[in-house]
S.K.: 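I have a structure here, written as structure tokens, and I will follow up with some questions on it.
For this chain, numbers begin at 1 and follow the sequence in order.
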Amino acid sequence: MKQLLVIFFLVCTGLGEWRQSAEIALPKGLQINDIAFGSAGELYLLSPTSILEVDNAAKNPLYIETIDNGRALTVLSDQLFIIGKDGQLHTLTIGDDQGLRASSLSFGGARQIATARLSTESCLVLSEPANLTFIRDNKTIGSA
């Protein structure tokens, strides 16, 4: 019976090691405020000072853009939407040289941002204290 338990333990340990995925090496002292995944599985990290993309091959974060006090992040196709510490909504299009663009929308207590699909169109959903705000094309389309 002991031999059977030892063999079972070794098989379980081997399967656990086989299924373990590779780790991502982040610089020491890097504070991460939010993470988001793109439609093709890209991993984006938001720190208080910058936006990073994790390269799958190198397993290291690549610098994308500088931001001042980023708080929340979401991805919709090739666009990153960021809520700054000041509550303003910022947009960054991947592969576009224009850089980070601030919108005219500002939210006092927005802590989280996500994307939602409404029929054929997508919108942003901002979580504020006791309120959800829905945004499409840099316009508020409703709240709950």
S.K.: Quick one: pull up CD in E42 and CZ in F37 and give me the separation to the nearest 0.5 Å.
M.R.: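 Answer rounded to 0.5 Å: 10.5 Å.
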S.K.: Which atom names give the shortest non-hydrogen contact between C123 and F134, and what distance separates them?
M.R.: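 Heavy atoms of C123 and F134 come nearest at SG-CD2, 4.2 Å.
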S.K.: Measuring from L45:CG to E53:CD, what's the distance to the nearest 0.5 Å?
M.R.: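 Between atom CG of L45 and atom CD of E53 there are 9.5 Å.
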S.K.: Can you name the one residue among V125, L76, V75 that meets side-chain contact (heavy atoms from CB on, under 4.5 Å) with T115?
M.R.: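 Testing T115 for a side-chain contact (heavy atoms from CB on, under 4.5 Å) against V125, L76, V75 leaves exactly one candidate, L76.
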S.K.: Out of curiosity, D34 CG to I82 CD1, how far, rounded to the nearest 0.5 Å?
M.R.: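 If we round to the nearest 0.5 Å, D34:CG and I82:CD1 are 10.0 Å apart.
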S.K.: Looking at CG of L52 and CD1 of I35, how far apart are the two atoms once the value is rounded to the nearest 0.5 Å?
M.R.: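 Reported value, rounded in 0.5 Å steps: 12.5 Å.
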